2 protein chains.
Amino acid sequence: MNRKATALDVAKRAGVSRSAVSLVLNGRGDGNVAKESQERIRLAAQELNYSPNAIALSLRNQRSRVIGILSDEVVVSPFDGNIIGGADDVARSRGFVTVVMDTERDTARDAGAIETLLDRQVDGLMYVTVGLKPLEVPPGMERVPSVLANCYDAHPRPRLHHVIPDEVTGGREATEHLIQFGHRDIAFLAGSEDSPASPLRIEGYREAFASTQLPVTEARIAHAGWDIDDGYKGAMRLLDGVVPAERPTAIMCANDRLAVGVVLAAARLGLSIPGDLSVMGYDDEHRIANTMVPALTTMALPLREIGREAMTRLLDAIEDGKTTTAEPTVETMVPCRLVLRESTGPEPR
Amino acid sequence: MNRKATALDVAKRAGVSRSAVSLVLNGRGDGNVAKESQERIRLAAQELNYSPNAIALSLRNQRSRVIGILSDEVVVSPFDGNIIGGADDVARSRGFVTVVMDTERDTARDAGAIETLLDRQVDGLMYVTVGLKPLEVPPGMERVPSVLANCYDAHPRPRLHHVIPDEVTGGREATEHLIQFGHRDIAFLAGSEDSPASPLRIEGYREAFASTQLPVTEARIAHAGWDIDDGYKGAMRLLDGVVPAERPTAIMCANDRLAVGVVLAAARLGLSIPGDLSVMGYDDEHRIANTMVPALTTMALPLREIGREAMTRLLDAIEDGKTTTAEPTVETMVPCRLVLRESTGPEPR
DNA sequence: TTGAAAGCGGTACCAC
DNA sequence: GTGGTACCGCTTTCAA
């Protein structure tokens, strides 16, 4: 645990002053420091394995090249953290590092976490959530450039830019895919009512029907929840003991877990997929959608893209020196992506 | 974006010197500063909403009360991050904060991430992995107290303490549970061969048979992989077209996803669970094991506990001022926990 | 009881 | 072309 070399150590070894070391190592040596000295300095730095102390730098420069990411529960929850992955990708490529803090959905911890991050001189803040949701923006976020990923300012006059998936289009395109396969009676197992994603996806579902001049049967839309057993129960309600002519020929699910439940129910009932019934997921959850039997056709959430886009926005704001606050555009929508696999097919007729 | 109040601001407002402010606010006012001044200082601090600058503190004290957590992929992967959650719990309760960096399984990034963390004066380091695995301990971790969670030093003479689940006992108790239900022909769908967890769980399986004087049929143990389709295929191999008398009456799976595949296969084959077949999972993956239909009996991985235990070790070492290196004990095992749900039952006979 | 001053590790300005 | 020095915000020692 021997202490790290400091600029002074390097200076001594090279027989110059600290200032010279600083200049040279920051690329402003030419025209200020003799070529000769430059060489010696670089060598000494090498030998001592010198790298500047980030803390001292932050104190001096009042900025740290660190971006704080606050997560509601993406670290701890069993959902993938690709938003964070994408955000980190672009941060690193632009010379920033990210540190994340997870509040485990305890919003009371938000302010404290932000305070901590701010105290450590983060240059910007990103709030990221597992599911699309309105956010009570915690105090403190307005003090540095900030951005919202997968959530949006619940305030009537939003102050922070947010990046979210285009759920309406996602819902529409998923439905269109099924309609193109000839399905007309398509049930929609939506998530729970309290999620803002549900109504948006339903809206897309309606749009798809409307643009094809097809009527929507309200009874086919049901709020089911988000889990496997919810999907199972929903499917049983739709299929069990119902004569084939009155069964929907396709079931759209608001996420892949629901779809797993539907497939399970179909298996119990002896229905083949997609022969007797098409099943469509949503999210493209890694290691669920792609490994199900049959593999799930699904609407992929562009998580990685959301993270990349949000971080790009944020860094642009930071490097322009202006806050994202009061920017002209407050919302970026990222399109979802249809992933064709094996659980959907032509309607049986 | 008005600048935060500094100790100097407080001093001015209270009409004292910066030193007095420091003394008082750190509880060493009595006997050094007049009661009167103390009151004024506290008041001024309050009014200015003063909190010390963490960066300056770190620079001055050479410690930050920050613990760096390096994750192979627990943030980004679709597995829950309860190890990190548990670690954070105890860190916060002891006045530390954690920041996590995820390398997305790119070990080439390990050293850089640790360097970054070290540069920011973290007081300690924790490396955490999604699955149990040997670790090439990245350089730099020996420079501050460090601990390994869910992974262990691959070095012949390990230098870092690690906290891992007791997989052998887990495998044994899972098997015993099935044996107690009267099962004798128990198939084991192990994970992939390259995971260190697989052989350990298999060892437990063998122990259970041995202690009950039951013979192990080698052909009943198969490395299948870790995903739903792997479980499906494995189950089909065991069950499809096999006369009841030759079918295993229970299938133990090395994780819950495999169990989902097995349940799916059973449903397709018209086998009822647990009536015709008992299925046992492993991990207790949240929102999979507990929401499956039927809900999965499983062996829960003590993730939260591992995190708590590892962080406790680490902070103890930090506060004792000694490195975990060269501690007497190098390994802590945390027991797994049997979770009884609906997918296992008496053998059909 | 108080305040002045040094120092943590850098950067940048300014004389020389 | 070079080195001295002030300053970022805080703690701690020491002299008054």
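Letters A, B, ... are given to chains in the order of the sequence lines, protein chains preceding strands, and every chain is numbered from 1. All of these numbers come straight from a predicted model, not from anything done at the bench.
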Write down the distance between CG (A:Asn32) and C1' (C:dC14), rounded to a whole number of angstrom. 13 Å

Relative to the 5' end of DNA chain C, which residue comes earlier, B:Asn61 or B:Gly31, by the nucleotide with the nearest heavy atom? B:Gly31

Expressed as a whole number of angstroms, how long is the span from A:Leu23:CG to D:dG1:P? 11 Å

Run A:Gln38 and A:Asp30 through side chain to side chain donor-acceptor pair (under 3.5 Å) and show every step you take. CA-CA 8 Å; A:Gln38 295 203 28; A:Asp30 288 351; 3.1 Å; yes

Find the distance B:Asp30:CG to C:dT2:P and express it as a whole number of Å. 12 Å

Any idea which of D:dG9, D:dA6, D:dT2 is nearest the B:Leu59 side chain? D:dG9

Just the rounded figure in Å: distance from P of D:dG9 to CD1 of B:Ile55. 11 Å

So, B:Asp72 versus B:Thr129: side-chain donor-acceptor pair below 3.5 Å or not? no

Phosphate contact (C:dA4 OP1 or OP2) by B:Ser19 side-chain N/O below 4.0 Å: no

Assess, by modelled atom type and distance only, whether the side chains of A:Ser58 and B:Arg120 contain a donor and an acceptor separated by less than 3.5 Å. yes

Along DNA chain C (nearest heavy atom to each residue), the more 5'-positioned of B:Ala20 and B:Ala56: B:Ala20

Using a cut-off of 4.0 Å on non-hydrogen atoms, how would the nucleic acid contact of A:Ser37 be classed: base, sugar-phosphate, or nothing? sugar-phosphate

A:Asn26 CG to C:dG9 P, straight-line distance once rounded to whole Å: 17 Å

Select one nucleotide: of D:dG9, D:dT2, C:dG9, the one nearest the side-chain heavy atoms of A:Arg18. C:dG9

Just checking A:Val21: base, sugar-phosphate only, or nothing, at a heavy-atom cut-off of under 4.0 Å? nothing

Think A:Thr6 has a side-chain N or O under 4.0 angstrom from the OP1 or OP2 of C:dG9? no

Indicate whether the side chain of A:Thr332 and that of A:His162 have a donor and an acceptor atom separated by less than 3.5 Å. no

What's the CD1-C1' distance between B:Ile41 and C:dT1, to the nearest Å? 11 Å

Verify the contact: side-chain N or O of B:Gln62 to OP1 or OP2 of C:dG9, cut-off strictly under 4.0 Å; return yes or no. yes

Separation of atom CZ in A:Arg60 from atom P in C:dA12, rounded to whole Å: 6 Å

Just verifying a value: how many Å separate A:Arg94 CZ and A:Glu319 CD, rounded to the nearest 0.5 Å? 4.5 Å

Any side-chain N or O of A:Arg63 less than 4.0 Å from the OP1 or OP2 oxygen of D:dC8? no

Report the C-alpha distance between B:Tyr127 and B:Asn150 in whole Å, list the side-chain angles of each, state the deciding distance to 0.1 Å, and finish with yes or no for side chain to side chain donor-acceptor pair (under 3.5 Å). CA-CA 8 Å; B:Tyr127 200 114; B:Asn150 212 21; over 6 Å; no

Options D:dC10, C:dG10, C:dT1, nucleotide nearest the side-chain atoms of B:Ala34: C:dT1

Would you please confirm or rule out a distance under 4.0 Å between OP1 or OP2 of D:dG1 and any side-chain N or O of A:Gln38? no

In this structure, how many angstroms lie between the P atom of C:dG9 and the CZ atom of B:Arg120, rounded? 15 Å

Out of C:dG3, C:dG10, D:dC10, which nucleotide sits closest to the side chain of B:Ala7? D:dC10

